[in-house]
Amino acid sequence: MSSAWQVRAGRRGERDKEALESGLVIVGWPAVTDLLDFSTRADLKAAVETSYPDRSTYVVGNWTGQLWRFSKEMTNGDLIVMPLKSRQRYAIGEITGPYAYRRDPRDDFRHVRPVRWLRTDVVRDEFKPDLRSSLGSLLTICQLTRHNAAQRIRALAAGQQDPGWRHDSSSVDPDTTRTDLWETVEASTKPVRLTVRELLAKWGFSRRTATSLVSVQSDLAERGISTRPAFTNARMDSVVELVPAADEPDSSKGSSEKAAVADTEALEELPTKWLVRAILPDDPSIETVNIGKSLATAITIMLAKDYSQLAVVDDDGNYAGAASWESIGRARLAKADPTLRDATTQVRVIDYDDELFGQIDEIYRQGFVLVRGADRRTLIGIVTANDLAKQFGTLARPFSILEEVELRLRRHTKRCLPDAIFAKFVPRWAKSGNPTFGGYSSMLRDPDNFEQLSWPLDHETFRELLDQARDIRNELMHFSGEALPDSDLALIEGFCAILRTVDQSG
């Protein structure tokens, strides 16, 4: 079975044109010489460390892993997905030969693999949301493994639709309609199971927003159906059960009925926090090593699995600390023959349902944290600074754009409108002394107020764009961890570009 990889052609797509014209996939790291010179991963890591002496141990390990995969792990027949920055498209190709090092005078064009490009016009929306999420990785070289990625990318390369993914536990056909769903729930003697993503899709939604949550909740409640666990808080690709929520009391059920109701009461709660579990895999797991094992055992596991950190546990499986390449290096400097215990350090252990934002500083300071499961004892995962970078790289851009939009609106309206008019749209509770985002929409709905801005723009079109940007912002405030649809991102990017053009003050 072939694998699938995303390979980026530079920060600005500077290598994508030559990659397509030459039938190659090309990566940078100009200070590293021919990768065929390194027969072991340790040798390659030493070379990367020598080539980039100012980089941290974490970065060196990460780069080593990417280059090792590019030169050693990719094989003929594997699929390549390459974002085309210049065209806002994706290219899909198939590897046709081994890694090679070119004596190219341009530093960033030397590490290559031959590729037969199958399609060069793939639009981002052709990838279904879960696959698009995988493409959000900021790594130059990233293997795409989740949700049958390789088979689905192969279908797209052949000009077919992304067939999507169905969880093994799902009992509902992806093509069923809402009417089919109601009939299945009513007729089935077993719980009907489907993923949160599949559930939302029955209403035509791909994300959890204020609108989608209210629509789905209302229809479910009208038919006396709830989900267990609540679909409002579960991960998008985790499975929920559709269960009766408004049945007549049944004395034979006893306490079990109360438990079922309690499990589904959270349906009425809208998600307002982003929890740690939002960036864990669907079925989180973690590799551990017993603290009584040798340091060589830990090193072997880390090399074999391409880990930068490894959880250390005692004989009862309880947390004892963690080992990392950095802690191993320090132990070897301190002792001639260190043990695993010598290389074990204490790191923060957080719970899977902790609020993520409260952990960010520690994750970036330490490089990683370990995660406990529902029993508050068993380690189930690890969250690294790289995990945050990948997730926020996809999710933070809309917030950044909308923040710039609001800044430009505030600066220009405050400069152009009389203080008395500006103050009318500042809510009493606003300590900042500024209107809300929606306040600017109300303020500029008035043609006289808009005219005082002296912007050479059509008032009606501008007002519609501002209202749409406001709606997108309001939906983003119900933060659910899903990437903003391309159409919404394009709208706020375009609106921000308009403001940059007419507001030349910064």
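Keep in mind that the numbers below use all heavy atoms, side chains included, and drop hydrogens, waters and symmetry copies. Remember, predicted model here, so these are calculated numbers, not experimental data.
In this structure D353 satisfies the salt bridge (charged side-chain N to carboxylate O under 4.0 Å, His left out) test together with R376, sequence neighbours excluded. Residues satisfying the salt bridge (charged side-chain N to carboxylate O under 4.0 Å, His left out) test with R330, not counting sequence neighbours, are E326. Residues forming a ring-ring contact (aromatic ring centres under 6.0 Å, His included) with F127 (at least two apart in sequence, or on another chain): Y90. Taking T378 as the reference, D375 meet the side chain to side chain contact (heavy atoms under 4.5 Å, CB included) condition, with sequence neighbours excluded. In this view, D54 and Y52 satisfy the side chain to side chain contact (heavy atoms under 4.5 Å, CB included) rule, not counting sequence neighbours. With sequence neighbours excluded, the residues that form a side chain to side chain contact (heavy atoms under 4.5 Å, CB included) with D342 are A331, K335, P338, T339.
A donor-acceptor pair is defined here as one N or O able to donate and one able to accept, closer than 3.5 Å; such a pair exists between the side chain of D314 and the backbone of D316. A donor-acceptor distance shorter than 3.5 angstrom exists from the side chain of Q346 to the backbone of A320, with no hydrogens or angles considered. For the pair R113 (side chain) and F70 (backbone), a donor-acceptor distance under 3.5 Å is present. No donor-acceptor distance shorter than 3.5 angstrom exists from the side chain of W68 to the backbone of T40, with no hydrogens or angles considered. In this structure, Y319 contributes its side chain and V349 its backbone to no donor-acceptor pair below 3.5 Å. One N or O on the side chain of S327 and one on the backbone of A343 form a donor-acceptor pair closer than 3.5 Å. The backbone N or O of K128 sits less than 3.5 Å from a side-chain atom of D162, completing a donor-acceptor pair.
Within 6.0 Å of atom NZ in K293, 12 or fewer heavy atoms from other residues, nucleotides or ligands are found, so the atom counts as exposed in its surroundings. The environment of CG in D337 is sparse: at most 12 heavy-atom neighbours from other residues, nucleotides or ligands sit within 6.0 Å. With a 6.0 Å radius and a threshold of 12 heavy atoms from other residues, nucleotides or ligands, R341 has its CZ atom at or below the threshold. Enclosure of atom CZ in R332 is not indicated, since only 12 or fewer non-hydrogen atoms of other residues, nucleotides or ligands lie within 6.0 angstrom.
Residues F437 and V405 form a side-chain contact, since some pair of their non-hydrogen atoms from C-beta on lies under 4.5 Å apart. With contacts defined as side-chain heavy-atom distances shorter than 4.5 Å, the pair V7/M82 does not qualify. Between E126 and V123 the shortest side-chain heavy-atom distance falls below 4.5 Å. Between I382 and E287, every side-chain heavy-atom pair lies at or beyond the 4.5 Å cut-off. Within the 4.5 Å cutoff, the side chain of P83 has no heavy atoms near those of the L135 side chain. Counting only heavy atoms from C-beta outward, the side chains of R228 and E241 approach each other to under 4.5 Å.
With values rounded to the nearest 0.5 angstrom, E406 atom CD is found 6.0 Å from Y440 atom OH.
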Next on the checklist: Test side-chain hydrogen bond (donor to acceptor under 3.5 Å, both in side chains) on T300 and T297; report intermediate values, then the result.
Outcome noted: CA-CA 5 Å; T300 303; T297 300; over 6 Å; no

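Pairing each heavy atom of T140 with each of V27, the nearest pair is CG2-CG1, 4.0 Å.
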